[in-house]
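Data first, discussion second: the structure below is written as structure tokens.
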Amino acid sequence: MSHTPLPPLPYDPTTLPRETARHYIPATDQEIQAMLGALGLSQLDELFTHIPAAARMVDPPALPEELGYVDLYQHVVAQSQKNRLPDMAFLGDGLPHYRVPDLVPFVAGLRELMTAYTPYQPERSQGTLMTQWLYECCLAMLTGFEAINASQYDRATALVEALYTAARLSRQGRTHFLLLGSLWPQDLEVVRTLLAGTRLTYEVVPIDSERGTVPLAVLEQQAVAQAEGLAGIAFPQVNSLGCLEDVDGLTGLAHRLGARAIVVTDPMLLATGGLKAPGTFGAEGEGADILVGEAQHLAIPPHYGGPGLGVFGMRYNAAHQQDIRQAPGRFVGDAQDEAGRHAKVMVLSTREQHIRRHKATSNICTNQGFVATLAAAAILARGEEGMRKACMQARANALTAARGLLQVPGVRLAFPETPFWNAFVLALPCSSASLVQTARQRRMHLGVDVSSRIPGSGGNHLLLSFSDLQEPEHLERLVALFAEAIATPRAEAAVSLPEVPAAFLRREPVGLPSWDHGQLRTFFAALSEQNISPDRTCYPLGSCTMKYNPYINEVAAALPGFAHLHPDAPLADAQGTLEVLYNMQEYFKAITGLSAVTTQPVAGAQGELVGLKMFQAYHRSRGDTQRDIVLIPHSAHGTNPATATMAGFETVQRGAETLSGVVEINAGSNGQIAMDHLRQILDRYRGRIAGIMVTNPNTSGVFESRFADIAALIHAEGGLVYMDGANMNAIAGWVNLSALGVDAVHNNNHKTWTIPHGGGGPGDAIVAVSERLAPFLPGVQVVRREHGYALQHPPQSIGSVHRHFGNMGHKIRAYTYLRALGREGVRRMSAVAVLAARYLHHRLKHHFPTLPQETPDSPRMHEFIITLPEATFETLEATGISRARAIGPFGKLFLDFGYHAPTVSFPEAQGLMIEPTESYTKAELDRFADSIILMLHLVNEQPTILHTVPHFTPVDRIDDVSANKHVVVSARLTTLPQVLPNRIAPDQLAQMPLEAIAEAIRAASAAKLQGLR
Ligand SMILES: Cc1ncc(COP(=O)(O)O)c(C=O)c1O
């Protein structure tokens, strides 16, 4: 391959051993042989012999050959250059692009923040918790809402969740909604897809084509007629035509009818000088009830549409104390540690899917944490003045452009009476589509043809959006284009623009603090030290696949050709990205053995939802409308039952009997699905089974060896089979899912395919399906045509689950990884992951019992569950630590050794689920095993240690009980919060002999106990 000069990498790969290892597997061939030898094996493929032969892939998946590091870099740069970026763009359309402060790429490079998991271990995650708290506070200040979280994938899914939330809040059991037709059509499409087949209903109230808004009087008539069942009215502040809606009137109307006012907003436009804060809408200033929005553009470029940052807000004040308990997703709250230090912790978790399963408030699991972290950094870096400037520059650019363009004869504002802020629609004397094409030839992405949004449009309506990115020269070139394509402007023509009424504007300044950028860098760098990253050591969170995230993925995703491309760019300019999507479709067909693939879902849980929506559509298409049961094993991850509920399979029970919805299947003594129980259930619900959801390998790390038989039974009953593929890291390239009888499977790209977890998200997913489900796939398929890549709608598509193409930034990361793996690498990756787990289990199994109890010898795949020996439980009980409370503190002992804890108490109450992944050397695994064995000795010898763990983190054990009693999820920011240092940093622990760590623990525990006395 010939190399053109490449931009220098922002790091030196030769100093990063995992980065330059083949397939990012640092274990040497000798180490791999030694681990195999310890297990009595000689080759990697022997790790899979227990999997039925019929299900095994014969050949490696047909991916291209792997690329070496430099070739890989060369390839992704060249691929990004196949996209054609314009010199300027006026696209926006709900996904604007603003200038990003320099602090953001700095924070994005802090690996401990970027690669960490969801902060389930708060003592080792104060960095993540603090950045997400800062996001909550900044957004609360901008919006006037007291409780904001970062759990929604994007604005569209936030809107769907807002409807569910409003229905839950309705005391009268109301489930009907009015949605303004001026919401973004892409968002409305996601609503349509996700509400199909659920108990929620809605109507879209059309736009008035003269005003560009929905007239309040028309809405009122409709709302009053439906008031009895009306749970909420959802409306935009700035609508999809750039027009400002009457937010006070809309809020008042909703409240008069006892419904919730759900507002869709853009937080950037709420800065000082900008639009009215939703927390103050309404004639009395009482505010809207639920807030929805998109905040991606606060921090990152468009990335061809994703990741997004769905804003979700609730009122949490004297008048609304309890509403927050119905909110979806995660909140970070104020807390204290045992010594009274200020700290943060996740609060209100008892609403979440991992606890409440099918009764959870949402199926959201992986959220948008890292984009929120970056948004917090961006807002703090801009400060009060910077935010004001960005918002007002967008406005000023819109006004300048409007004045210039309206001097062109024949060009007029489509809605001359209706106020706008930073986007407006022009009615042109020509077709908008043709003007967009002319502009493209001048390297300009002009705007969006919105003719289809306006009843009676003659195809001549063009939406132009503005931000702080346009320079005066861009605005001049814009007017020049119109002059050239339409007519010479008449400088003397008087231009009148609609005034924005004072009632639509913010009254008080936001009051954001302003800090020096150097100070902020030091602050964020210090926060990152409070976390831990899989870069350093094994991060053994079972079921989460915390593997190494290559640096080069980040470089690829940030290449301007990929990152700066807007999803409304003409397809001819997006060929590089479309080719990546096309290849991903092909690669995942090969990896799964299935027939078709969608790249649209943005997380595992959303993949599950896509799967079940397709099941429903398939059954509906056959006139089979009685199928109201989804079977899920008892040990399944909480997202599975929560997803089934969201899809419309709400569980109805009479006593212990399930009448409809989710029916649980038991595990047999071998840890796998109990076939006799399954048969009983199939008999009981004959003709009503929509499908089954099975995690494979299951959450005990065991391959479901009867999977194909289970699938055959379900198919014989007319049902379909969903495989939760969260554990694909164990089987990718080895198991043919088609042979297993899978109809749909998700791959969590943030697990198997090396996307960083970001302290909670954003994640990403790929869903592959069998032939029978291919016609129902969501979104669009990328197809290869003679002249390039194009888009095609699947014939019976369920509709879109994302407003564009999913988390495209993440697809680039996964694609980069796949090109580094190539044909051999996919298999090698999963084989070494299984080897690492088997080897570690082999090292530990004589010290710790394995769970499930009856199955110590059934081969584990990429993870395994251990528990404490009976004698240790008894010793602990004697010191006042009950069996039920022992595992959590034992997990915290891992923090003392410089590791993250394993997954505790899931799926086994007394289990520690350990997943080492393929990212560590044998020496690292040996030290890890020795550490765990030493932990057991320590606890046996001095059980009171578990009263005082952890000892070296910045804070002691956090009191989450009182944090949940007195929930505080935002505060006015005035000073930069204090960052406490590690008492012994993980790096330092990694250098210490294990016995020295044990000694330090003994001493620290004794000192703490002394202090407590
Ligand atoms: C087994 C399993 N299924 C589903 C999920 C949900 O995936 P996501 O978090 O990407 O929504 C997870 C996430 O941890 C999981 O472990």
Side-chain angles (χ1 to χ4, degrees), residues 116-120 150-154 157 161 306-307 310 328-330 349 352-355 357-358 360 362-370 539-547 600-612 632-644 646-647 693-704 722-731 744-767 801-802 806-807 810 814 861-863 865 902-908 911 913-915 917:
Y117 197 68
T118 304
Y120 287 128
S151 286
Q152 299 306 316
Y153 306 131
D154 51 31
T157 44
E161 296 269 10
R330 308 211 169 100
S349 296
E352 287 194 62
Q353 34 70 31
H354 62 279
I355 297 178
R357 303 178 72 80
H358 68 268
S362 161
N363 71 336
I364 288 277
C365 178
T366 292
N367 67 10
Q368 300 307 102
F370 199 58
Y539 200 122
L541 268 173
S543 197
C544 300
T545 313
M546 295 298 289
K547 64 205 273 185
Q600 200 179 45
V602 295
Q606 202 188 38
E608 295 168 21
L609 196 49
V610 163
L612 293 193
I632 300 179
H634 181 66
S635 64
H637 193 266
T639 50
N640 292 187
T643 297
M646 282 199 79
M693 301 178 86
V694 182
T695 307
N696 194 25
N698 66 25
T699 45
S700 306
V702 175
F703 189 85
E704 293 280 353
Y722 189 88
M723 191 182 109
D724 181 329
N727 296 334
M728 279 295 285
N729 211 52
I731 55 171
V745 61
H746 73 256
N747 276 251
N748 306 62
N749 292 349
H750 46 293
K751 296 176 190 238
T752 313
W753 308 107
T754 65
I755 287 167
H757 276 79
D764 195 40
I766 303 271
V767 171
V801 293
H802 187 268
N807 287 349
H810 275 353
M861 299 296 291
H862 65 308
E863 65 191 4
I865 307 175
T903 297
V904 291
S905 304
F906 171 80
E908 300 278 343
M913 195 194 331
I914 297 182
E915 180 181 6
T917 83

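Positions are given from 1, in the same order as the sequence printed here. Atoms within each ligand, like the ligands themselves, are counted from 1 in listed order. As the structure is a prediction and not an experimental result, all values here were calculated from the model.
- For the side chain to side chain contact (heavy atoms under 4.5 Å, CB included) with Met913, the lone residue among Pro902, Pro907, Pro540 that qualifies is Pro907.
- To the nearest 0.5 Å, atom NZ of residue Lys547 and atom CD of residue Glu915 are 9.0 Å apart.
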Table of N or O contacts for ligand 1, cutoff 3.5 Å:
residue, atom, partner, partner atom, Å
ligand 1, 3 (N), Asp724, OD1, 3.2
ligand 1, 3 (N), Asp724, OD2, 2.5
ligand 1, 7 (O), Asn748, ND2, 3.0
ligand 1, 9 (O), Thr366, N, 3.1
ligand 1, 9 (O), Thr366, OG1, 2.5
ligand 1, 10 (O), Thr366, OG1, 3.4
ligand 1, 10 (O), Gly604, N, 2.7
ligand 1, 10 (O), Asn748, ND2, 3.0
ligand 1, 10 (O), His750, NE2, 2.8
ligand 1, 11 (O), Gly604, N, 3.3
ligand 1, 11 (O), Ala605, N, 2.7
ligand 1, 14 (O), His637, NE2, 3.4
ligand 1, 14 (O), Lys751, NZ, 2.7
ligand 1, 16 (O), Ser543, O, 3.3
ligand 1, 16 (O), Ser543, OG, 2.8
ligand 1, 16 (O), Lys751, NZ, 3.0

Item to complete: Could you walk me through whether Phe370 and His750 pass ring-ring contact (aromatic ring centres under 6.0 Å, His included), step by step?
Response: CA-CA 13 Å; Phe370 199 58; His750 46 293; over 10 Å; no
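- Closest approach of Ser362 and Gly329 over heavy atoms only: CB-N, 4.5 Å.
- The two residues Asn807 and His802 come nearest to each other via the heavy atoms OD1-NE2, 4.4 Å.
- Residues that satisfy the salt bridge (Lys or Arg N to Asp or Glu O under 4.0 Å) test with Asp154, not counting sequence neighbours, are absent from this structure.
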